[in-house]
Asker: 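Sharing a structure here in structure tokens format.
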Number of protein chains: 2
Amino acid sequence: MPQTATKLANRSGASLGSPSGSDQLNLLEIEVIDLFVNAVKTLGFPKSVGEIYGLLFISKEALPLDTLVDRLQISKGSASQGLRLLRSLNAVTSIYVAGDRRDHFVAETQLKKLAAGFIREELEPHISSGADRIARLKQNLAEMAEATPSTDSAFYEEQIDQLERWNTKGRRLLPLIAKFLD
Amino acid sequence: MPQTATKLANRSGASLGSPSGSDQLNLLEIEVIDLFVNAVKTLGFPKSVGEIYGLLFISKEALPLDTLVDRLQISKGSASQGLRLLRSLNAVTSIYVAGDRRDHFVAETQLKKLAAGFIREELEPHISSGADRIARLKQNLAEMAEATPSTDSAFYEEQIDQLERWNTKGRRLLPLIAKFLD
DNA sequence: CAAATTGTTCATTTTTTCTTGAACAAATCC
DNA sequence: GGATTTGTTCAAGAAAAAATGAACAATTTG
């Protein structure tokens with residue numbers, strides 16, 4: 001029995017079938033997805049990630065990968081990669097569905113958890129690598145000042161200190177954001 | 001007198017001239033620029049913007065456009081566009097230099113101002129357009145529920161309310177960030 | 001006022017990022 | 001165990017974003 005149309009209960013109110021197979025997205029779904037595609041792009045993620053999260057967000061039931069592929073008309077590869085990213089952020093979780101071998105995915109909707117995931121996976125690492133770079137800068141400056149004493153090292157030092165203060169502020173800000181979004 | 005080499009006082013400690021004209025970036029400058037290129041990409045801006053801001057940040061003197069072009073080896077177009085963006089964020093300001101017709105640019109280094117610019121130009125607009133979209137969603141839902149009463153409108157409504165709460169939280173968060181970074 | 005300087009704009013090219021889909025691995029089924 | 005289903009990976013193609021540079025406008029200068 002190949003080509004099983006979505007096993008899920010059909011979404012009620014979907015527009016009647018047009019040319020290609022799988023049931024069309026209804027207007028509301030389209031607009032919600034569009035909204036998430038936008039939001040997600042702002043955060044620096046690809047469109048497909050917004051599509052996946054958006055559809056899961058506006059779906060009452062958990063959806064398996066092939067339903068996402070079907071309904072969003074994206075490739076299996078995109079769906080798989082998008083889901084991996086979303087899971088790494090804890091923005092989707094997979095749930096067990098009795099009698100179905102496939103993973104089923106649900107959107108996490110606690111803003112705090114979403115923010116925490118984003119902070120952990122996307123922001124923290126930048127702050128940390130920033131701190132490393134700044135440390136390296138300080139070394140370079142010291143070496144340079146030794147080799148070429150004439151340099152404006154006072155100015156450079158001040159600027160690098162500035163960077164360090166920014167980095168510290170940034171690091172302290174993140175947990176406050178997480179807390180605020182609770 | 002075409003092809004005037006940079007009029008600015010030569011950066012001390014720059015490595016001795018190699019093939020092409022304009023004075024090379026020194027190691028410290030390169031690393032600072034690299035750091036900003038990275039930071040700026042995280043925020044969703046192009047590399048050239050990071051290069052420009054980075055060089056201005058680590059330069060004691062204000063620099064005119066053609067010095068940026070020369071030293072960073074970017075096109076005049078990129079420099080012009082990058083500067084426009086940076087000015088719109090109040091991340092650089094131009095200052096008057098006596099006896100020089102050209103605009104000279106300096107990096108703004110107050111974190112609060114930088115953050116405020118970013119929030120105003122990049123985040124606020126998304127929050128606002130998000131609010132519009134959500135309003136439109138509500139309308140659609142109402143219309144849909146009327147046309148096709150069967151729909152899961154209770155679920156949809158809950159999800160849209162969720163979006164609205166997120167939007168509100170986001171809007172309230174922004175000023176707190178600005179305040180914290182003061 | 002003509003020539004030169006400074007900066008902007010935007011169509012084209014280049015670079016980067018995202019998506020695709022076929023090959024593969026792993027798990028489950030009969 | 002062989003066949004099927006499910007999901008991942010990754011090289012290649014497609015799409016999106018950024019950079020280029022030549023044409024142009026606006027100043028300024030002599």
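So you know, we letter chains A, B, ... as the sequences are listed, proteins then strands, and number each from 1.
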Asker: Looking at Ser78(A) and Ile74(A), would you say the former's side chain and the latter's main chain have a donor-acceptor pair under 3.5 Å?
Answerer: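 No; judged by distance alone, with no hydrogens or angles, the pair does not exist.
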
Asker: Send over the distance from Asp100(A) CG to dT4(D) P, rounded to a whole Å.
Answerer: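 Distance, rounded to whole Å: 19 Å.
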
Asker: Can you measure Asp70(B) atom CG to dT6(C) atom P for me and round it to whole angstrom units?
Answerer: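 It is 12 Å, rounded to the nearest whole Å.
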
Asker: Polar atom pairs between nucleotides 27-30 of chain D and protein, under 3.5 Å, N or O only, would you list them?
Answerer:
{"unit_1": "dT27(D)", "atom_1": "O2", "unit_2": "Arg101(B)", "atom_2": "NH1", "d": "3.1"}
{"unit_1": "dT28(D)", "atom_1": "O4'", "unit_2": "Arg101(B)", "atom_2": "NH1", "d": "3.3"}

Asker: Is the backbone of Gly130(B) close enough, under 3.5 Å, to the side chain of Asn167(B) for a donor and an acceptor to pair up by distance?
Answerer: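 Looks like no, no N/O pair under 3.5 Å.
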
Asker: Over how many whole Å does the gap from His104(B) atom NE2 to dT5(C) atom P extend?
Answerer: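 Distance, rounded to whole Å: 16 Å.
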
Asker: Between Arg165(B) and Glu158(B) (salt bridge meaning N to carboxylate O under 4.0 Å), is one present in this structure?
Answerer: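 Looking at Glu158(B) together with Arg165(B), the answer is yes, because their closest N to O distance falls below 4.0 Å.
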
Asker: Any heavy-atom pair between the side chains of Leu85(B) and Gln81(B) that's under 4.5 Å?
Answerer: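 No, their side chains stay 4.5 Å or more apart.
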
Asker: May I ask you to decide whether Asp66(A) forms a salt bridge with Lys76(A), counting only side-chain N to carboxylate O separations under 4.0 Å?
Answerer: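 Between Lys76(A) and Asp66(A) there is no salt bridge, as every charged N stays at least 4.0 Å from the carboxylate O atoms.
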
Asker: Only counting residues at least two apart or in another chain, list the ones meeting salt bridge (Lys or Arg N to Asp or Glu O under 4.0 Å) with Lys138(B).
Answerer: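 With neighbours one apart ignored, the set is Glu164(B).
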
Asker: Going by ring pair (Phe, Tyr, Trp, His ring centres under 6.0 Å), name the residues that satisfy it together with Phe36(B), two or more places apart in sequence or in a different chain.
Answerer: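 Per chain and number, Phe36(B) pairs via ring pair (Phe, Tyr, Trp, His ring centres under 6.0 Å) with Tyr53(B), Phe57(B).
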
Asker: Once Watson-Crick and G-U wobble pairs under 3.5 Å are found, how is DNA chain D written in dot-bracket notation, 5' to 3', with | for any base paired to another strand?
Answerer: ||||||||||||||||||||||||||||||

Asker: Applying side-chain contact (heavy atoms from CB on, under 4.5 Å), name anything that partners Ile30(A), two or more places apart in sequence or on another chain.
Answerer: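 Here the qualifying residues are Leu25(A).
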
Asker: When you compare the side chain of Asn90(A) with that of Lys113(A), does any pair of heavy atoms fall below 4.5 Å?
Answerer: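 Not in contact.
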
Asker: Report the distance from atom CG of Leu63(A) to atom C1' of dG7(D), rounded to the nearest whole Å.
Answerer: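 The distance from CG of Leu63(A) to C1' of dG7(D) comes to 16 Å, rounded to the nearest Å.
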
Asker: With side chains defined as the heavy atoms from C-beta onward, is the minimum distance between Trp166(A) and Leu114(B) less than 4.5 Å?
Answerer: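 A side-chain contact under 4.5 Å exists here.
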
Asker: I want to check one thing: is the phosphate of dG7(D), taken as OP1 and OP2, less than 4.0 Å away from some side-chain N or O of Arg84(A)?
Answerer: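 For dG7(D), OP1/OP2 do not have a side-chain N/O of Arg84(A) under 4.0 Å.
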
Asker: Output the rounded distance in Å from CZ (Arg102(A)) to P (dC29(C)).
Answerer: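 Atom-to-atom, Arg102(A) to dC29(C), this comes out as 13 Å.
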
Asker: Quick one: do the Arg102(B) and Thr67(B) side chains pair a donor with an acceptor below 3.5 Å?
Answerer: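 Distance-only check fails for Arg102(B) and Thr67(B).
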
Asker: Return the value, rounded to whole Å, for the distance between atom CG of Leu68(B) and atom P of dT8(C).
Answerer: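 Between P of dT8(C) and CG of Leu68(B): 12 Å.
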
Asker: Does dT8(D) have OP1 or OP2 under 4.0 Å away from a side-chain N or O of Arg87(A)?
Answerer: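 It does, given that an N or O in the side chain of Arg87(A) lies less than 4.0 Å from OP1 or OP2 of dT8(D).
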
Asker: Would you tabulate the nitrogen or oxygen pairs shorter than 3.5 Å linking the protein to nucleotides 12-21 of chain D?
Answerer:
{"unit_1": "dA19(D)", "atom_1": "OP1", "unit_2": "Ser48(B)", "atom_2": "N", "d": "3.1"}
{"unit_1": "dA19(D)", "atom_1": "OP2", "unit_2": "Ser48(B)", "atom_2": "OG", "d": "2.8"}
{"unit_1": "dT20(D)", "atom_1": "OP2", "unit_2": "Ser75(B)", "atom_2": "N", "d": "2.8"}
{"unit_1": "dT20(D)", "atom_1": "OP2", "unit_2": "Ser75(B)", "atom_2": "OG", "d": "3.2"}
{"unit_1": "dT20(D)", "atom_1": "OP2", "unit_2": "Ser78(B)", "atom_2": "OG", "d": "3.3"}

